[in-house]
Each structure stands twice: as structure tokens, then as C-alpha cells.
Amino acid sequence: MNSFNKKCYEILKKVPKGKITTYKEIAKALKSKAYRAVGNAMNKNPYSFAALGWAGGKNLKSSDLVPCYRVINSNGNVGGFASGTKNKVRILKSEGVEIVNNKINLKKYLFKLKN
DNA sequence: CGGTTGACCAAGT
DNA sequence: GACTTGGCCAACC
């Protein structure tokens with residue numbers, strides 16, 4: 001696995017349920033400005049929400065999975081999602097994140113990563 | 001190895 | 001508030 005992607009995943013796995021982080025924060029945690037590269041990595045990430053068993057009902061080990069839906073834009077917008085933004089929103093809501101007009105209150109839900 | 005792409009960001013118009 | 005521009009970086013062709 002590429003080092004960069006792996007790091008992204010490792011960081012993302014630290015985000016607890018009910019919280020979110022941003023592409024920018026992840027890049028910052030990597031001491032880089034690769035906002036876009038992070039998004040790119042997520043887009044190709046092998047552990048989509050479908051792999052979480054959400055759709056299939058198959059329970060896989062969460063330790064091997066990446067909650068890519070917990071990553072949003074730095075301006076609070078939900079951003080994109082490979083399998084549809086609607087699904088992303090739905091999943092987040094199910095974890096207790098309030099989403100209004102496709103936006104999230106960063107002050108309330110942003111998980112601060114170690115730098 | 002250059003050029004394009006993108007689930008991005010910030011500042012400008 | 002919207003739309004455009006320039007910049008950033010890894011992956012891909």
C-alpha cells in the first residue's frame with residue numbers, strides 16, 4: 001500500500017463515531033498541503049461504506065476499514081462521496097451528526113487531530 | 001517524464 | 001450569495 005494513502009487511512013481511523021474531520025486537517029496532520037491528494041486517496045479507497053456492511057449486511061472488521069464518510073470539506077460542506085453524497089449524509093446522521101442544508105457544524109463535530 | 005484529473009482550499013470578482 | 005482563478009499534491013495515462 002502506498003505510504004501516503006495508508007497514512008490517510010490511519011489518521012481517519014482515529015476519528016471517533018459521531019465526529020468528523022476535514023481533508024485539510026488530514027493533510028495538516030501529514031505535515032503536507034495535499035488536500036486534493038487526500039481526496040483522491042479517499043476516492044480510490046478500497047474500504048467504501050459498502051464494505052462496512054452497511055448495504056450488504058456483511059460485518060467486516062472495522063479495524064480494517066476506513067470511515068471515509070467522516071471526511072468533509074473545511075468549510076463545513078459535506079463534500080462528495082463515491083457512492084453518492086446522499087448516502088454519506090445518511091450515514092453521518094445515523095451516527096448522530098446533525099446536518100443542515102448539506103452542511104455540518106464544524107465547531108461541534110470536528111475531531112481535532114494531533115499535529 | 002510531461003500533462004491531466006480530482007470526494008480540495010482560499011482569495012478575488 | 002454565486003462564480004472564477006490560482007495554487008496545492010499524489011495518482012494516473
Side-chain angles (χ1 to χ4, degrees):
Chain A
M1 181 66 79
N2 298 327
S3 177
F4 183 80
N5 293 24
K6 189 171 182 183
K7 283 183 179 178
C8 292
Y9 302 151
E10 291 302 317
I11 291 169
L12 188 47
K13 282 191 209 171
K14 295 187 207 161
V15 180
K17 180 180 176 185
K19 292 267 185 177
I20 54 88
T21 188
T22 68
Y23 298 99
K24 183 180 170 185
E25 288 297 314
I26 291 177
K28 201 165 37 175
L30 292 176
K31 291 171 181 151
S32 167
K33 295 168 195 169
Y35 321 113
R36 306 189 81 156
V38 173
N40 232 334
M42 292 301 126
N43 187 21
K44 301 213 168 145
N45 128 8
Y47 313 110
S48 66
F49 87 98
L52 286 170
W54 187 273
K58 299 175 183 177
N59 284 327
L60 302 177
K61 293 178 184 176
S62 57
S63 58
D64 290 333
L65 303 172
V66 181
C68 35
Y69 52 84
R70 288 189 194 143
V71 188
I72 66 168
N73 294 3
S74 65
N75 66 350
N77 208 327
V78 178
F81 196 56
S83 303
T85 308
K86 293 185 293 291
N87 289 327
K88 184 172 181 178
V89 170
R90 198 181 313 149
I91 297 170
L92 288 171
K93 280 186 177 177
S94 77
E95 295 198 339
V97 179
E98 295 179 52
I99 301 174
V100 180
N101 199 11
N102 246 22
K103 296 207 171 177
I104 297 177
N105 184 337
L106 288 177
K107 294 287 182 190
K108 200 168 175 184
Y109 295 106
L110 179 63
F111 177 73
K112 289 171 185 167
L113 300 164
K114 282 166 109 181
N115 228 351

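Since this is a predicted model, take the numbers as computed values, not measurements. Order of the sequence lines sets the chain letters (A, B, ...), proteins ahead of strands, with each chain counted from 1.
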Between atom NZ in K28(A) and atom P in dC9(C), what is the gap in whole Å? 16 Å
Note, F81(A) side chain near K86(A) side chain (heavy atom, < 4.5 Å): no
Any S74(A) side-chain N or O less than 4.0 Å from OP1/OP2 of dC8(B): no
Does this structure show an ion pair linking E10(A) with K7(A), if we count only N-O contacts that are shorter than 4.0 Å? no
To the nearest angstrom, how far is K31(A) atom NZ from dC9(C) atom P? 16 Å
Quick one: is dA10(B) close enough that its OP1 or OP2 comes under 4.0 Å of any side-chain N or O from N75(A)? no
dC12(C) phosphate, OP1 or OP2, under 4.0 Å from K44(A) side-chain N/O: yes
Under 4.0 Å from any atom of DNA chain C, heavy atoms only: list the residues of residues 33-40 of chain A that qualify, in numerical order. K33(A), A34(A), R36(A), A37(A), N40(A)
Closest approach of K13(A) and V66(A), non-hydrogen atoms and distance? CE-CG2, 4.4 Å
Rounded interatomic separation in angstrom, taking CG from N77(A) and C1' from dA10(B): 15 Å
Quick one: side chains of residues 99-107 of chain A, donor-acceptor pairs under 3.5 Å with protein atoms, not counting sequence neighbours, listed by atom name and distance.
residue	atom	partner	partner atom	Å
N105(A)	OD1	K107(A)	N	3.0
N105(A)	OD1	K108(A)	N	3.3

Looking at N75(A), is its backbone amide N or carbonyl O close enough to the side chain of N73(A) to form a donor-acceptor pair, meaning the two atoms are under 3.5 Å apart? no
Before you tell me yes or no, could you show the steps for N87(A) and Y69(A) under side-chain contact (heavy atoms from CB on, under 4.5 Å), namely the whole-Å CA-CA distance, both residues' side-chain angles and the distance that decides it to 0.1 Å? CA-CA 9 Å; N87(A) 289 327; Y69(A) 52 84; over 6 Å; no
Counting only side-chain heavy atoms from C-beta out, which of dA7(B), dC9(C), dC9(B) sits nearest to A82(A)? dA7(B)
Nearest to the side chain of C68(A), which nucleotide is it out of dA7(B), dA11(C), dA10(B)? dA7(B)
Tell me: CE of M42(A) to P of dA10(C), nearest whole Å? 14 Å
Under a 4.5 Å cut-off applied to non-hydrogen side-chain atoms, are N5(A) and K44(A) in contact? no
Rounded to whole angstroms, how far apart are CG on N73(A) and C1' on dG6(B)? 12 Å
How close or far is atom P of dA7(B) from atom CG of N102(A), stated in whole angstroms? 15 Å
dG6(B) P sits how many Å from N45(A) CG, rounded? 18 Å
Just the rounded figure in Å: distance from C1' of dC8(C) to CG of L30(A). 14 Å
